[in-house]
Every structure is written in structure tokens, then in C-alpha cells.
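Here is the structure we will look at, set down as C-alpha cells.
Residue numbers start at 1 and run along the sequence shown.
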Amino acid sequence: MLNWLIIDDLIKVFLKEDAPFGDITTDTLIDKKEVSRAEFILKEDGVIAGLDVAGRVFELLDDKVIFTKIIQDGSNAEKGTIIAEVAGNTKALLIGERVALNILQRLSGIATKTQEFCSKVKGKGVCIADTRKTTPGMRMLEKYAVRMGGGSNHRYSLSDGVLIKDNHIIVAGGIKNAILKVRKEIPHTIKIEVETETIEQVKEALDAGADIIMLDNMSLDMMREAVEIIDKKALVEASGNISLDSVYKVALTGIDIISVGSLTHSVKSLDISMKLR
């Protein structure tokens with residue numbers, strides 16, 4: 001879910017960044033009473049995400065602006081499709097244009113890439129999840145876009161769940177010690193996930209009662225062995241440099257979750273334009 005108290009604050013920061021002392025060009029050329037209508041046009045095929053957020057940009061600039069969605073977030077659309085219209089004060093439209101497009105293009109790019117990954121493993125009983133490798137300040141929006149593309153969200157923040165990684169294991173003196181110490185401190189409602197790099201670590205995490213075992217950068221053969229050892233006693237997550245070319249083979253190993261950092265950390269924005277009519 002999108003928390004609009006947080007989203008509004010984000011948008012205001014973006015607008016201040018783009019026009020800290022106003023828009024010199026628009027303020028000079030456009031009469032403050034002028035009104036216009038504009039269309040958002042898709043310039044390549046993709047999955048749309050972020051329309052409500054883009055519309056909110058204009059509403060914060062002028063509450064009389066009307067933003068109309070022609071399709072819904074999560075929809076596939078072809079190049080040339082008009083996906084939304086906005087009408088109202090021309091100054092508000094021009095000042096908000098780039099911020100609205102930046103949000104809409106990035107989120108749609110994430111949704112499109114997520115759908116590509118999901119389609120590769122369709123019917124295999126595996127979910128594609130994101131990571132915390134997000135753009136600073138954009139996490140809520142980017143994780144929303146992953147859902148619009150058919151993916152799932154991993155933990156939102158460090159406060160959401162226990163994930164014992166390699167550095168935690170080193171400091172704690174081993175996986176078993178880490179799990180035992182954490183288990184004493186957390187509520188029973190919070191699950192414990194452990195990152196493993198070897199079969200020995202998988203066995204240690206399983207014996208210590210991990211709820212989720214992450215197989216980090218393992219070969220396919222190691223993944224299959226780990227899945228057999230775990231034998232559904234814990235959820236199994238695969239992670240580490242998983243690409244569109246490799247994700248299907250990873251899914252065939254029998255794991256439950258595939259987390260993909262590239263869904264958010266290296267995505268290409270979808271090409272969308274805004275044209276005044």
C-alpha cells in the first residue's frame with residue numbers, strides 16, 4: 001500500500017529540487033490564468049505503474065487540476081497508447097511535467113522488468129521478489145512498482161524482519177549462535193532468515209531452526225542439494241546475480257523465492273512523453 005502522507009512529502013521534495021526558486025521559463029512565458037490539457041503517451045510497450053503518484057504531483061501544485069487515468073496501474077500497454085490525461089492551469093502542468101514523468105517512467109520500467117522475470121517462471125510455483133537495493137527515498141514507490149509487475153516484496157526495511165547475513169554470522173560467532181541470540185529477543189510473530197553460502201551453513205541454519213534459508217550465489221547443483229536437505233522444513237530463497245537468462249533454471253531447482261536486486265537497482269525507465277494539446 002502507498003502511504004500518501006509519505007508520498008506527498010516525497011513529491012514536495014522532488015518539486016523543490018526541480019524548481020527551488022520557481023520555473024524561470026514558465027513564469028516568464030505563461031499567463032497565470034491560462035489553462036491547457038495534456039496527454040501522457042507511451043513511446044514503447046510496457047507495464048504501467050505510478051499513475052496516481054504522477055497525478056498527485058499536479059494536484060499538489062494546483063488542487064483544481066484534473067488528472068484522468070485511461071488505464072490502470074499494472075496494465076500492459078502498447079507504444080502509442082494514451083495512458084492518462086491532465087487538464088488545468090498551464091503553469092502547474094509545465095512545472096509538474098518532469099517530476100511526474102520521472103516517477104511514472106521509473107516505476108513503469110520497474111514494473112515492466114518485474115513482469116519479464118515473472119513470465120520466465122510462470123507455473124513453476126516460484127515468486128519473484130525485490131530487495132532493499134532501491135533508490136534512496138524511492139523505496140516505497142519502487143516496491144509498489146514491483147507488485148504492479150506481478151512480483152512480491154521482500155522486507156521493506158531493517159525493522160521488518162530478521163535477516164542474518166555473512167557479517168552478522170562473523171560477529172555472532174556462527175549461525176547457531178546468531179539464531180539463538182535473536183530468537184530470545186524478538187516476538188514470536190517475526191521470522192528469521194539466514195543467508196548461507198555453503199551446504200554446511202545450510203545444515204547449520206536448518207538445525208538451528210531458521211524459518212527461511214537464503215542460498216546466496218550458489219551453483220545450480222548446490223541449490224538442488226540444499227533444497228533436498230531442507231526438505232520443506234523452511235522456505236528456500238535463491239539470491240545473487242540472477243538474470244533473465246538464468247532465472248528459469250534457478251526456478252527448476254525447487255526453491256520457493258527468487259530475489260532479484262536488478263528489479264530496482266539497474267532498471268531502464270520506460271519511455272513516456274507528456275504533450276500539451
Within-4.5 Å side-chain heavy-atom neighbours: [X] and [Y]:
X: F14; Y: M138; answer: yes
X: K133; Y: S259; answer: no
X: K203; Y: I199; answer: yes
X: I70; Y: E85; answer: yes
X: E197; Y: D166; answer: yes
X: R106; Y: T135; answer: yes
X: L141; Y: T134; answer: no
X: K43; Y: I272; answer: no

Salt bridge or not between [X] and [Y]? Use side-chain N to carboxylate O under 4.0 Å.
X: E59; Y: K64; value: no
X: R155; Y: D130; value: no
X: E193; Y: K165; value: no
X: K233; Y: D231; value: yes
X: K32; Y: D27; value: no
X: K91; Y: E34; value: no

Any side-chain donor paired with an acceptor under 3.5 Å for Y144 and D73?
->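 Their side chains do contain a donor-acceptor pair, which is all the 3.5 Å distance test asks for.
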
Donor-acceptor pair between H154 and E237 side chains, under 3.5 angstrom |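 Short answer, yes.
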
Minimum heavy-atom separation for A238 to V250, with atom names?
->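 For A238 and V250, the tightest heavy-atom pair comes out as CB-CG1, 3.7 Å.
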
Quick one: does any side-chain atom of [X] pair with a main-chain N or O of [Y] as donor and acceptor, under 3.5 Å?
X: D45; Y: K79; value: yes
X: S108; Y: Q105; value: no
X: T81; Y: E78; value: yes
X: D23; Y: I95; value: no
X: D256; Y: V236; value: yes
X: R139; Y: Y156; value: yes

Are [Y] and [X] linked, directly or through intermediate hydrophobic residues, by side-chain heavy-atom contacts shorter than 4.5 Å (ILVMFWY only)?
X: V146; Y: I128; value: yes
X: I11; Y: L61; value: yes
X: L270; Y: V260; value: no
X: V57; Y: L10; value: yes
X: M218; Y: L252; value: no

Return the set of residues passing ring pair (Phe, Tyr, Trp, His ring centres under 6.0 Å) with F67 (not counting sequence neighbours), or none when no residue passes.
-> F40

Assess whether side-chain contact (heavy atoms from CB on, under 4.5 Å) is satisfied between T112 and I48, documenting all intermediate values.
-> CA-CA 7 Å; T112 300; I48 306 305; over 6 Å; no

Check the pair D8, R56 against salt bridge (Lys or Arg N to Asp or Glu O under 4.0 Å), reporting the backbone distance first and the verdict last.
-> CA-CA 8 Å; D8 280 0; R56 186 63 178 155; 2.8 Å; yes

